[in-house]
Amino acid sequence: MASVTEEASVQPGDGGAAARIAVENPATGETIGTVPSLAPDEIAELARRAREAQPAWAALSFEDRGRVLYRAQKWMVDNIERIIDVVTSESGKTHEDAQLADYGYTVGALGFWAKEAEGYLADERVPSWNNPVVAGKRLIIRYAPIGLVGVIGPWNYPIANSFGDCIPALAAGNSVILKPSEVTPLSSLLMAEMMHECGLPDGVFQVATGDGRTGAALIDHVDVLMFTGSTKTGRTVMKAAAERLIPCYLELGGKDPMIVCADADLERAANAAAFYSMNNGGQVCISVERVYVEEPVYDQFVAKVTDNVRALRQGAPAGIGSVDVGAVTFPPQIETVEDHVQDAVQKGARVLVGGHRRPGAGRFYEPTVLVDVDHSMKIMSEETFGPTLPIMKVPDAEEALRLANDTTYGLQASVWTRNVERGEALARRVEAGVVCVNDAQVNYSALNLPMGGWKSSGLGTRHGATGIRKYTKTQSLLVTRLAPKRDLHMFPYSRRRTKALRRLLKFLYGRGKRA
Ligand code: NDP
């Protein structure tokens, strides 16, 4: 049973008995806790505290802030069982899924940002030689903390995609308010407890539990918004941010294609297809959601994938190594999965494995492989976000590429071939923010490699320099040390000085050829 100290989340009130949200274990159907649903005035109070606490936090050195993050890293190591227990009980995912991403990603990220924040945010000197008006002056770019960061997260990775985005914001010297999904709030409350125990000053990191209305209220108070969730909500959130004229970064849905060339290592490609479509129950924004296989190896690939998927064990996680595929975390998601599979079957697809909701306790959908699919089917064009793998035969990689790009999404993609030069060339033609060659998803662990979607999959990136600078205000400094009493371009205008400036401009820029 999950255990979290709610008080550690610095809630201003309990929202009243009527405004509590029950948290369910999707693998068993049990209620495992309740959390308050914060009202707009309570969010305003959290924001007031956050703003009060932020200047002192920002005044600390990177090293001092980093020390708190390193302590949190150690806390995670010491509390691994408890963290995984909380994540698995509110999401219904397996221990391994919780350990790899929610735990493994976050424990690494705490140390990464503690170490790298200063380098990414250090003052930068830029040269002044490119225009005579500024020549010889000191030009400096400074990254100042933006103030109060709002993070709104989804339910599929209750720690990695929620608290994970708070870490660089904290390292940069901001206060943060995190609004987790109402379906999985306990993991965020546990992170608040951790940060409190590790010495983060009160008010610097707070969790605002509640539903979409709580998220909407949060946008009214923050200086920048980092949102992870569906494309539909992303649009709503961006409109609200536009009203307030605050920056808004969006990590949204995807329909990631996998392109398997005839010369691919089929064993690896088939293992990867099964894993990267079914891990976390397929509830991964960067899941393999559709596969295109070149004709000569199609039958062999389908046979291998089918064997792999058929062997998967599904059920309520009962400890390490007990099951491979967990539950469907979000109640309405199982209807989307069913709808996509039924729509495909009605339009002529064949189900080779699975294809049904599992009877009995908990919310499970069988790991499912489909063939004879095409782009008229929802399963090939809309985000399914479940344990499904539709596979399509294509004459060649050019056709695979055309189909891969035939989508409004552009989050990630993968290309599989033994010819890595060709693989990279194909990858550069896929319209997606990240493309892997002979791999998938693991780019997410490269914290120095930006990750973000093109098209309807998002705006902006997480990770790398841009993943922390988005939580800052850029300030440009121009410092003049030695200068005449009056510069050439200053008043009063005179014929002599205007002509002198013109000669200078001609000298500097007039020597090139026009052809
Ligand atoms: P939703 O868009 O439904 O919700 C995301 C968050 O927004 C939740 O906390 C939700 O609260 C909140 N919210 C809902 N309405 C509003 C509103 N009007 N204003 C402010 N906040 C609001 O997404 P899901 O939780 O269903 O997550 C699944 C989606 O997330 C998938 O599409 C997946 O692809 C995407 N995702 C993208 C990732 C990426 O990196 N690109 C990573 C992980 C997931 P509540 O839940 O309480 O209603």
Side-chain angles (χ1 to χ4, degrees), residues 19 21-23 35-38 40 43 90-91 93 101-102 105 150-165 177-185 187-188 207-222 225-244 246 248-256 280-289 328-337 382-386 408-412 432-434 441 443-444 450-463 467:
I21 297 171
V23 184
V35 296
S37 184
L38 296 196
I43 298 294
E90 68 176 351
S91 66
K93 65 174 74 179
D102 285 297
Y105 169 87
V151 176
I152 298 180
W155 45 262
N156 63 328
Y157 283 113
I159 296 185
N161 282 149
S162 291
F163 180 67
D165 285 317
I177 300 177
L178 165 62
K179 204 306 265 179
S181 167
E182 67 191 292
V183 182
T184 55
S187 303
S188 293
V207 174
T209 53
D211 58 19
R213 288 166 297 187
T214 309
L218 179 61
I219 302 171
D220 289 339
H221 294 279
V222 296
L225 182 72
M226 170 66 209
F227 173 85
T228 305
S230 63
T231 299
K232 183 167 174 277
T233 313
R235 287 187 213 282
T236 307
V237 156
M238 191 164 175
K239 280 185 200 146
E243 280 299 320
R244 291 207 51 234
I246 57 164
C248 171
Y249 298 94
L250 303 171
E251 297 287 351
L252 308 176
K255 190 73 193 169
D256 294 5
N280 213 48
Q283 302 160 113
V284 187
C285 53
I286 50 177
S287 237
V288 169
E289 284 247 342
V328 176
T329 306
F330 183 47
Q333 199 63 41
I334 198 156
E335 267 120 54
T336 303
V337 178
E382 296 177 21
E383 186 181 47
T384 308
F385 220 59
T408 55
Y409 290 112
L411 194 56
Q412 291 214 174
V434 178
Q441 285 187 18
N443 58 286
Y444 204 91
M451 182 266 167
W454 289 4
K455 304 200 288 195
S456 298
S457 287
L459 272 181
T461 54
R462 50 162 69 94
H463 303 158

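Just so you know, ligand 1 is whichever comes first in the structure, and atom 1 is the first atom listed for that ligand. Numbering of residues begins at 1 and proceeds along the displayed sequence.
- Of all the listed residues (Gln333, Lys239, Lys179), Lys179 holds the heavy atom that lies closest to atom 11 (O) of ligand 1.
- Side-chain atoms of Ser91 never come within 3.5 Å of backbone atoms of Thr329 as a donor-acceptor pair (strictly under, hydrogens ignored).
- For atom 9 (O) of ligand 1, the closest non-hydrogen atom on the protein side is Gly153 O, 2.7 Å.
- Regarding atom 42 (C) of ligand 1, its nearest protein heavy-atom neighbour is Cys285 SG, 2.8 Å.
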All N/O donor-acceptor pairs, side-chain side in residues 150-164, below 3.5 Å, sequence neighbours left out:
residue	atom	partner	partner atom	Å
Asn156	ND2	Gln283	O	3.1
Asn161	ND2	Tyr444	OH	2.7

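- With a 4.0 Å heavy-atom cut-off, ligand 1 is reached by the side chain of Val237 but not by its N, CA, C or O.
- Under a 3.5 Å cut-off, the side chain of Glu90 and the backbone N or O of Ser187 do form a donor-acceptor pair.
- Nearest heavy-atom pair, Pro185 versus Pro180, reported as atom, atom and distance to 0.1 Å: CA-CG, 3.9 Å.
- The closest approach between a heavy atom of Gly210 and any atom of ligand 1 is below 4.0 Å.
- Polar contact with ligand 1: present for Ser181 (N/O pair, distance under 3.5 Å).
- Nearest protein heavy-atom neighbour of atom 27 (O) of ligand 1: Pro154 CB, 3.2 Å.
- Close N/O approach between Asp211 and ligand 1 is not found [any backbone or side-chain N/O within under 3.5 Å].
- Judged by distance alone, with hydrogens and angles left aside, the side-chain atoms of Gln441 form a donor-acceptor pair with the main-chain N or O of Ile286 at under 3.5 Å.
- For Arg462 (side chain) and Asp165 (main-chain N/O), no donor-acceptor pair under 3.5 Å exists by modelled atom type.
- Taking distance alone, with nitrogen or oxygen atoms compared against 3.5 Å, Thr233 approaches ligand 1 more closely than that limit.
- Side-chain contact check for Glu182 and Ser37: no donor-acceptor pair (N or O, by modelled atom type) lies under 3.5 Å.
- Of all the atoms in ligand 1, the ones that sit under 4.0 Å from a non-hydrogen atom of Gly253 are 32 (O), 34 (O).
- Nearest heavy-atom pair across Cys248 and Val237 is SG-CG1, 4.1 Å.
- Residue-level proximity to ligand 1 for Glu383 is carried by the side chain, the only part with a heavy atom below 4.0 angstrom.
- Between Thr236 and ligand 1, not a single N/O pair is under 3.5 Å apart.
- Residue-level proximity to ligand 1 for Pro180 is carried by the backbone, the only part with a heavy atom below 4.0 angstrom.
- When non-hydrogen atoms are compared, ligand 1 lies under 4.0 Å from the backbone of Thr228 as well as from its side chain.
- When only non-hydrogen protein atoms are considered, atom 23 (O) of ligand 1 lies nearest to Ser230 N, 3.3 Å.
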Quick one: side chains of residues 454-461, donor-acceptor pairs under 3.5 Å with protein atoms, not counting sequence neighbours, listed by atom name and distance.
residue	atom	partner	partner atom	Å
Lys455	NZ	Asn405	O	3.3
Lys455	NZ	Thr407	O	2.8
Lys455	NZ	Glu431	OE1	2.8
Ser456	OG	Thr408	O	3.4
Ser457	OG	Gly253	O	2.6
Ser457	OG	Gly410	N	2.9
Ser457	OG	Leu411	N	3.3
Thr461	OG1	Thr466	OG1	2.8

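- Between atom 21 (N) of ligand 1 and the options Gly215, Gly433, Ala241, the minimum heavy-atom separation is to Gly215.
- The protein non-hydrogen atom at the shortest distance from atom 35 (C) of ligand 1 is Gly229 O, 3.2 Å.
- Looking only at distances, a side-chain donor or acceptor of Glu289 sits under 3.5 Å from a matching main-chain atom of Thr384.
- Using modelled atom types, no side-chain atom of Gln412 and backbone atom of Gly452 make a donor-acceptor pair closer than 3.5 Å.
- Protein heavy atom in closest approach to atom 41 (N) of ligand 1: Leu252 O, 2.7 Å.
- Contacts between Leu411 and ligand 1 below 4.0 angstrom, taking non-hydrogen atoms only, involve the side chain exclusively.
- Nearest protein heavy-atom neighbour of atom 26 (O) of ligand 1: Trp155 NE1, 2.8 Å.
- The shortest N or O to N or O distance between Asn156 and ligand 1 is not under 3.5 Å.
- For Arg213, the CZ atom sits in a loose shell: 12 or fewer heavy atoms of surrounding residues, nucleotides or ligands are nearer than 6.0 Å.
- If you check which protein heavy atom lies closest to atom 19 (N) of ligand 1, you get Ala216 N, 3.5 Å.
- Across Ile334 and Val328, no two heavy atoms sit closer than the pair N-CG1, 3.8 Å.
- Looking only at distances, a side-chain donor or acceptor of Lys255 sits under 3.5 Å from a matching main-chain atom of Glu382.
- Only the side chain of Phe227 comes within contact range of ligand 1, with a heavy atom under 4.0 Å; no backbone atom does.
- Residue contacts with ligand 1, taken as heavy atom pairs separated by less than 4.0 Å, involve Arg462 solely via side-chain atoms from C-beta onward.
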